[in-house]
Trainee: 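The structure is given below, and queries will be raised subsequently.
In what follows, chains are A, B, ... by sequence order, proteins preceding strands, each numbered from 1.
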Amino acid sequence: MNSPEQTKQPNFKAHFAELLQHAASTLTTLDTPETSPRIEMSRTKQASHGDYSCNLAMQLAKPLRKNPREIANMLIDALPDSLYLEKVEIAGAGFINLFLTNAAKQNFLPYVLKSGDKFGNSDHAQGTKIQIEFVSANPTGPLHVGHGRGAAFGASLANILAAVGFCVTREYYVNDAGRQMDILALSTWLRYLELNGIHVPFPENAYQGDYVKVMAQLIQQAHATRYVHQVDLLLEGLDIAASDAVINTDVQLDQLIANAKTILGEDYAYIHNFVLTEQLGDCRNDLMEFGVAFDTWFSEQSLFDNGLVAQTVQLLEAKHCLYQQDGATWFRSTKFGDEKDRVVQRENGQFTYFASDIAYHLNKFERGFEQVINVWGADHHGYIARVKGALQALDQDPQKLEIALVQFAVLYRDGVKAPMSTRSGEFVTLRALRQEVGKDAARFFYVLRKSDQHLDFDLDLAKSQSNENPVYYVQYAHARVCSVLAQWEDEDVAMLAEVSAETLTSPAELALLQKLIDFPDAVEAAAKEFAPHLIAFYLRELASEFHSYYNSSRFLVPEIPLRHARLALIVSTQQVLRNGLNLLGVNAPEKM
RNA sequence: GUGCCCGUAGCUCAAUUGGAUAGAGCACCAGCCUUCUAAGCUGGGGGUUACAGGUUCGAUCCCUGUCGGGCACGCCA
């Protein structure tokens with residue numbers, strides 16, 4: 001590849017790496033793998049260091065037993081010619097600094113303009129089937145701001161993975177089979193009884209939120225007193241005296257659920273199904289308004305209904321990975337690196353959550369996904385070993401499952417940590433956050449930090465419609481380009497892909513060009529590292545280069561060639577801003 | 001107590017996974033609107049990368065220890 005191809009978008013980083021690879025191959029002593037390290041080509045931080053830099057000479061210093069600078073000289077002598085290469089320098093301890101020609105940067109613009117919405121995309125993953133499961137919050141109440149982070153992270157990552165060529169399936173695992181759902185059904189029914197004038201003490205450890213009362217009202221409106229039953233036996237076995245006594249233990253709550261099931265009989269299923277449908281619908285709607293959509297809503301209950309949980313446990317049995325103890329069935333997860341063995345079937349015959357989760361993960365692989373990503377809250381980190389262990393026991397490759405741990409967001413209001421608990425009802429919902437700060441600010445704010453880092457979510461800051469909100473900075477750059485274009489009489493944007501950009505030679509212009517060239521690498525890195533924040537940081541830098549340029553130069557100048565060249569540059573910038581914001585689920589407004 | 005994660009400017013966070021003089025935003029100080037949007041730009045101060053050792057050409061990153069913070073250690077989900 002000694003000359004630029006006319007059709008395919010050039011990848012300067014990869015191109016320079018190839019040049020050095022070739023140069024390294026001429027050093028005849030480099031014939032074993034250990035002495036020929038992979039080429040690390042990186043962008044420089046300082047302009048004086050050129051555009052790309054390579055540490056190959058330093059890496060070879062030890063195996064070749066030579067001075068790095070001497071090796072660098074040998075590599076440079078053996079470097080093939082390239083039309084992209086302006087010059088090469090050796091600097092510091094032995095860095096090889098490569099400078100792109102201005103022409104290479106200028107001629108890149110048509111690639112951006114012609115690729116349009118697809119600029120930044122690649123086919124690197126070649127259609128590999130990948131599934132990303134995220135949010136998966138229990139449908140027992142509104143999503144709160146903690147879930148919001150998982151939603152923003154997962155949705156952005158899914159977009160990024162799709163951009164580099166993965167065939168992505170976005171999935172929400174619905175925990176519709178467990179005790180929490182029973183507690184919600186009970187809570188709703190008790191509120192419903194209250195509405196109908198029947199006083200029953202409301203357990204302190206039931207769901208306290210107002211949305212429960214709303215659901216009770218809905219049932220009342222639709223069915224009047226249809227679900228009012230004789231409740232004399234409701235407090236049976238709770239070991240409390242008066243009807244206004246306090247209920248607050250798990251044992252009491254479970255007894256209450258059992259009593260409710262007995263009293264309601266077949267009507268219990270209606271209540272249970274009603275609250276599930278209601279909460280799931282609310283959740284789906286909430287996420288949709290947050291710009292987060294799923295391809296699949298996978299029901300945990302379906303795993304039981306289809307017998308997959310029992311089948312999976314039998315499979316583990318067949319692999320001799322189970323044993324009985326204390327009346328329960330245990331999975332020998334210590335055999336696969338877990339700290340202790342885990343119960344899959346309880347003494348009372350019920351399967352544990354872990355059992356259905358094994359079935360779920362096995363099912364993921366049986367659906368043909370070549371790669372599976374779980375986005376989990378960081379409090380689940382202790383859960384990773386047992387799930388991977390179970391997959392391994394079932395002859396699946398645990399490497400195909402990658403867990404992206406997302407730290408919780410800690411809320412601050414007036415500089416004070418805000419309490420957050422679903423059951424007490426003291427939490428800030430995602431919906432409330434969206435209404436106060438807007439979808440765009442919330443989405444951007446969430447991915448502005450590395451996901452495995454704690455996020456201090458300053459509500460007052462996020463709510464403020466000021467320039468402290470970093471999303472405006474990026475959006476403003478986009479709106480500014482739109483504004484310039486609105487004042488350009490010709491307004492033939494398509495033509496800009498054909499104009500010459502050779503007049504773009506100022507430092508601001510060359511820096512902005514280089515930033516545009518960097519975009520595909522940023523997407524690639526974000527995909528590889530599961531790091532949407534890299535896109536957010538990239539966009540901030542791109543916007544910064546643009547704003548500097550905006551203040552340094554006028555675009556709508558009288559000289560037509562220069563005007564067209566500059567417009568081509570800012571329209572390209574507009575395109576990349578839009579593409580990047582799109583990956584993060586943030587709008588690119590035309591006016592602000 | 002054991003395991004995992006974290007500790008970087010006054011605050012919130014980066015640092016291309018071992019590279020060059022550790023970078024941004026906010027806050028603070030000084031400038032820039034008769035010109036395509038000032039939600040912007042330019043310049044400035046601010047650091048023993050918690051601490052102490054070690055590994056090597058080179059450490060915020062890897063190893064050991066100490067201190068400090070978070071999470072997890074259920075027949076819950």
Trainee: I'd like to check the side chain to side chain contact (heavy atoms under 4.5 Å, CB included) partners of A:K364; sequence neighbours left out, ordered by chain and number.
Mentor: A:Q131, A:E133, A:Y360, A:H361, A:R367, A:V372, A:N374

Trainee: Is the distance from OP1 or OP2 of B:C41 to the nearest side-chain N or O of A:Y473 less than 4.0 Å?
Mentor: yes

Trainee: Per the salt bridge (Lys or Arg N to Asp or Glu O under 4.0 Å) rule, what does the pair list look like for residues 560-571 of chain A, sequence neighbours excluded?
Mentor: A:E489-A:R563, A:E509-A:R566

Trainee: Is the distance from OP1 or OP2 of B:U16 to the nearest side-chain N or O of A:S42 less than 4.0 Å?
Mentor: no

Trainee: What nitrogen or oxygen pairs link the protein and nucleotides 2-4 of chain B at under 3.5 Å?
Mentor:
{"from": "B:G3", "atom 1": "N2", "to": "A:H381", "atom 2": "NE2", "distance (Å)": "3.1"}

Trainee: Assign B:C11 to syn or anti; the rule is syn for a glycosidic angle within 90° of 0 and anti otherwise.
Mentor: anti

Trainee: Under 4.0 Å between a side-chain N/O of A:R346 and OP1 or OP2 of B:A77, yes or no?
Mentor: yes

Trainee: What residues, two or more places apart in sequence or in another chain, satisfy ring-ring contact (aromatic ring centres under 6.0 Å, His included) together with A:F134?
Mentor: A:F294

Trainee: Among all residues two or more places apart in sequence or in another chain, which pass the side-chain hydrogen bond (donor to acceptor under 3.5 Å, both in side chains) test with A:S544?
Mentor: none

Trainee: Can you tell me whether the base of B:U17 sits syn or anti, using the 90° cut around 0 to define syn?
Mentor: syn

Trainee: Please report, to 0.1 Å, the donor-acceptor pairs under 3.5 Å made by any side chain of residues 528-540 of chain A, with sequence neighbours excluded.
Mentor:
{"from": "A:Y538", "atom 1": "OH", "to": "A:K515", "atom 2": "O", "distance (Å)": "2.6"}

Trainee: Under 3.5 Å, which protein N or O atoms sit close to an N or O of nucleotides 8-15 of chain B? Give each pair with its distance.
Mentor:
{"from": "B:U12", "atom 1": "O2'", "to": "A:R449", "atom 2": "NE", "distance (Å)": "3.3"}
{"from": "B:U12", "atom 1": "O2'", "to": "A:R449", "atom 2": "NH2", "distance (Å)": "2.1"}
{"from": "B:C13", "atom 1": "OP1", "to": "A:H454", "atom 2": "O", "distance (Å)": "3.0"}
{"from": "B:C13", "atom 1": "OP1", "to": "A:D456", "atom 2": "N", "distance (Å)": "3.2"}
{"from": "B:C13", "atom 1": "O5'", "to": "A:R449", "atom 2": "NE", "distance (Å)": "3.3"}
{"from": "B:A14", "atom 1": "OP1", "to": "A:K450", "atom 2": "N", "distance (Å)": "2.7"}
{"from": "B:A15", "atom 1": "OP1", "to": "A:H533", "atom 2": "NE2", "distance (Å)": "3.4"}
{"from": "B:A15", "atom 1": "OP2", "to": "A:K450", "atom 2": "NZ", "distance (Å)": "3.1"}

Trainee: Using a 3.5 Å limit for the pairing distances, which stems of at least 3 consecutive Watson-Crick or G-U wobble pairs does RNA chain B take part in?
Mentor: B:1-7 with B:67-73, B:10-13 with B:23-26, B:28-32 with B:40-44, B:50-54 with B:62-66

Trainee: Got a sec, which residues hit ring-ring contact (aromatic ring centres under 6.0 Å, His included) with A:H547, two or more places apart in sequence or on another chain?
Mentor: A:Y473, A:Y476

Trainee: Please tell me if A:Y472 has a side-chain N or O lying less than 4.0 Å from either OP1 or OP2 of B:A39.
Mentor: no

Trainee: For A:F444, which residues count as a ring-ring contact (aromatic ring centres under 6.0 Å, His included) partner, sequence neighbours excluded?
Mentor: none

Trainee: Using a strict threshold of under 4.0 Å (side-chain N to carboxylate O), is an ion pair present between A:D250 and A:R179?
Mentor: yes

Trainee: Once side chain to side chain contact (heavy atoms under 4.5 Å, CB included) is applied, do any residues pair with A:A378, and if so which ones, sequence neighbours excluded?
Mentor: A:Q407

Trainee: Can you name the residues that form a ring-ring contact (aromatic ring centres under 6.0 Å, His included) with A:F336, not counting sequence neighbours?
Mentor: A:F331

Trainee: In terms of ring plane angle, is the pair A:Y383 and A:H380 parallel, tilted or perpendicular, where the classes change at 30° and 60°?
Mentor: perpendicular

Trainee: Under 4.0 Å: is that the gap between some side-chain N or O of A:T44 and OP1 or OP2 of B:A20?
Mentor: no

